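Take a look at the structure set out below.
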Amino acid sequence: MSSTLLNQVAFYLLSAIAILGALGVVFLKSPVRAALALVANFFTLGLIYFMLGNQMIGISQIMVYAGAIMVLFLFVIMILKDQTPEEDKSLFQDRRFIFGLLSAIVICGLIWALVINPTMQSFGGEMDRSYGSPQAIGRSFFTTYVWPFEIISILLLVGIVGSIMLAKRKF
Amino acid sequence: MNTFLNLPLAGAVYEDIPLGHFLTLSLAMFALGSIGVLIRKNPVIVFMCIELMLNAVNLSFLAFAAYPNSHVQANNAFESAMAGQAMVIVVMAIAAAEVAVGLGIIMAIFRYRNNVDVDDMNTMRG
Amino acid sequence: MVAEWFFQLNENNPLLLGLIRVIFVVGAVLALVPPLIWWERRLLSWMQDRIGPNRSGTITFPDNFPLKGLAGKKVRTFGLIQPLLDGVKLFFKEDITPSDVDRKLYFIAPAIALFPAFALGATLPWGPSTGLYGILTPIADVEIGVLYVLAISSLGAYGLVLAGYASNNKYSLMGGLRASAQLISYELAMAMSVAAIVMAVGSMKLTNVVAIQEGPLWGAVPWAQNWFILTPFGFISAVIFLIALVAETNRAPFDLPEAENELIAGYHTEYSSMKFAVFFMGEYAAMFVFSGVFATLFLGGYNILPVNWMALHDATGAGIFKFLSNANYWLAPLVFLGKCFGGITFFIWLRATLPRLRYDQLMNLGWKSLLPLSVANFIVVGLWVIGTELYGVAGGWAAAIGAMVIGYIIYLNILTVSKKGAPATTKRTVTMVNPEAGRRSVAMVDPSTPKSP
């Protein structure tokens, strides 16, 4: 099997799974199933990042999104098991659904025609392919991007304190 | 030595698949996420759709990082790839903090009202 | 012969060779699960002064058996085929699906539970990275091997949570909730303890982790290997990692998700027949592979003893050391399996020794003890790396030991400041009010010898 065919088969298979997962998040009624569809989506996105050569980001994607954030979502869904609101049975007749779909189609069409279609051929050139390695990312985060790095660590600290305060608060 | 990783799967996609296909996938995910935010009632699922949109943006960042523009010098191409990945890590950290606080808020609302339908949360309406 | 064939395959068809590597690892894990179950049952019953399964597999040869030596004799296998018979029994039992379960999730949950246990072995090197073993192991020697292990092990929560949710049983649901909370809590301590090791190595490749451990002990003793469990910070990391490991695999004393006297059987209460067997198999496979991860990170991977045989050979010129070095090379997979086996024996020993933790004890241990300790350890390793870079080996050790002493002093100060942490046996000054005298009197109270009021 030639490498081009291998790449293409892998990419279109993974993107099909990712799109199915995204559809599942939006249209499945049970929150647990929606969360599982999102896990599938995040996992395949991690694999697509591997294809793009971003090893470090891909494994962080699987660890952070699929491994931590979605487990937290499932935890909350289970605690709220019987209290989640019923979705409308006639979702497709809902006015909101039709407006949402129309606006999405229009915006997507515009973006695709104006932004994405011109990029189909023009990109692609030689460069150092080691940018996805943990060493490269570590080096850039301690030299060029040291301020963003410190700011996101403060943000995470604020997030931790805020969530503890929300959890401890008596109403 | 182990030659398995020298397979063309890792990194050489820019010759086989146009950048536009990655961006189309990203656009589709973003659109689905925004539809979900508009039509779903369960705040947890609305939250998940927001995560989906964030991930779509991440994908486009990484796709642009992996496809260097031929007009850019090779040295700058590496730096711009690092910029894209740094942005993705920032987005991931923000998403993690957002989920911790957001789910905390949902739990707090649930404890306060015993009901988490987004359409019923209208006490701030003027 | 065979080696030549593998080398040619490596040149011509690396994809097929990758498949062969996968088959080796998955086949080994699958084949070793039944003996592990037998070993756990036998060892546990020996520790608890019982007999355990010892009957099945005893063959009595008839008197007219053609081989004279065997005629009329009994051959005992000490119940070794018991797991096989258990498997057959589970396979033929009625597969009950309770009413009102979420059918799709109920069916898919055991499969999801099994996946991480097998996927985890993909980056573990079970042989040296030169020669024949170099092309046979590991399945994929990725730059991010350590992160891969952490990421895949964090996916282990899904099977348990989904099984608990889909079973439509409140005990199952509580088991699933406990499993997810426990895994999230102990992942942090695990990741921080491994981060210290990654910083000491300077790479996340697992083959590099093993290669660094083959270096001189403490940077100073050339004939001994620098296994991380022999270094101070590595020992602390190893203890934290081991505790987190037991919690991640849901084994006693951290088996709260399946605590039988509180939750029946936790998340797999409603599972029977082969679906239960799949959960069971996943648990044992996870134990096995996690033991391999521990061996790779802290116990020098596939090396027999922490001794550099070739360095000894160069120093003394004795041929025995060259032979031992060759033995170390060729016996590597067996040694690795032996270390995994030792890890499982340790798991069983823990199960026989320790009582189950209470839920608040579990959370306190994870968040208040292991996580701060691992973060402090991480800082110590950072100082060690900086000291080694600036002032050589001795400077590194001075920095690390100084940081440890300062950390211990800070810890003692925290203990005296927080009242809850104060040891129960120290003398405390208690101010009491004497209502008759109308003034305050100060008395010394020794809580170790309580008096009746």
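All of these numbers come straight from a predicted model, not from anything done at the bench. Letters go in sequence order (proteins before strands), and every chain restarts at 1.
No other option in B/Val99, B/Val101, B/Val90, B/Leu59 has as many heavy-atom pairs under 4.5 Å with chain A as B/Leu59. No other option in A/Asn54, A/Leu23, A/Ile105, A/Val64 has as many heavy-atom pairs under 4.5 Å with chain B as A/Asn54. Note on B/Ala97, B/Ala56, B/Gly33, B/Gly84: by heavy-atom pairs under 4.5 Å with chain A, the leading option is B/Ala97. For the set B/Leu52, B/Thr24, B/Leu62, B/Ile35, the count of heavy-atom pairs under 4.5 angstrom toward chain A peaks at B/Leu62. Heavy-atom pairs under 4.5 Å with chain B peak, among A/Ile137, A/Leu38, A/Ile111, A/Ile57, at A/Ile57.
Between A/Pro31 and B/Val44 there is no side-chain heavy-atom pair separated by less than 4.5 Å. Put simply, the side chain of A/Ile79 reaches to within 4.5 Å of the side chain of B/Met107, judged on heavy atoms. No side-chain heavy atom of A/Met56 sits under 4.5 Å from any side-chain heavy atom of B/Ile89.
Nearest heavy-atom pair, B/Met29 versus A/Asn41, reported as atom, atom and distance to 0.1 Å: CE-OD1, 3.8 Å. Closest approach of A/Tyr65 to B/Val91, counting heavy atoms only: OH-O, 4.4 Å. Considering all non-hydrogen atoms of both residues, B/Leu27 and A/Cys108 come closest at CD2-O, 3.6 Å. Contact detail for B/Leu32 and A/Ile19: the closest heavy-atom pair is CD1-O, 4.2 Å.
Residue B/Met48 touches chain A through both its backbone and its side chain, counting heavy-atom pairs closer than 4.5 Å. Both the backbone and the side chain of B/Ala83 come within less than 4.5 Å of a heavy atom in chain A. Of the atoms belonging to A/Leu72, heavy atoms from both backbone and side chain fall under 4.5 Å from chain B. Neither the backbone nor the side chain of A/Phe75 comes within contact range of chain B; no heavy atoms are under 4.5 Å apart. Both the backbone and the side chain of B/Phe47 come within contact range of chain A, judged by heavy atoms closer than 4.5 Å. Neither the backbone nor the side chain of A/Ala68 comes within less than 4.5 Å of any heavy atom in chain B. Only the side chain of B/Val88 comes within contact range of chain A, judged by heavy atoms closer than 4.5 Å. With a threshold of 4.5 angstrom between heavy atoms, A/Phe73 approaches chain B through its backbone and through its side chain. For A/Ser140, the part lying under 4.5 angstrom from a heavy atom of chain B is the side chain only.
Rounded to the nearest 0.5 Å, atoms CG (B/Leu54) and CD1 (A/Ile69) are 9.0 Å apart. Remark: B/Glu51 CD to A/Met70 CE distance equals 8.0 Å, nearest 0.5 Å. Rounded to the nearest 0.5 angstrom, B/Phe61 CZ and A/Leu52 CG are separated by 14.0 Å.
Looking only at atom types and distance, the side chain of A/Gln61 has no donor-acceptor partner in the side chain of B/Asn58 under 3.5 Å away.
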Begin from the C-alpha positions of A/Ile48 and B/Leu25 and carry the test side chain to side chain contact (heavy atoms under 4.5 Å, CB included) through to its verdict.
CA-CA 11 Å; A/Ile48 287 175; B/Leu25 174 62; 3.6 Å; yes
Under 3.5 Å, sequence neighbours excluded: what are the donor-acceptor pairs made by side chains of residues 147-164 of chain A?
residue, atom, partner, partner atom, Å
A/Ser153, OG, A/Phe149, O, 3.1
A/Ser153, OG, A/Glu150, O, 2.7
A/Ser163, OG, A/Gly159, O, 3.0
A/Ser163, OG, A/Ile160, O, 2.9

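Residues passing the side-chain contact (heavy atoms from CB on, under 4.5 Å) test with A/Ile17, sequence neighbours excluded: A/Thr44.
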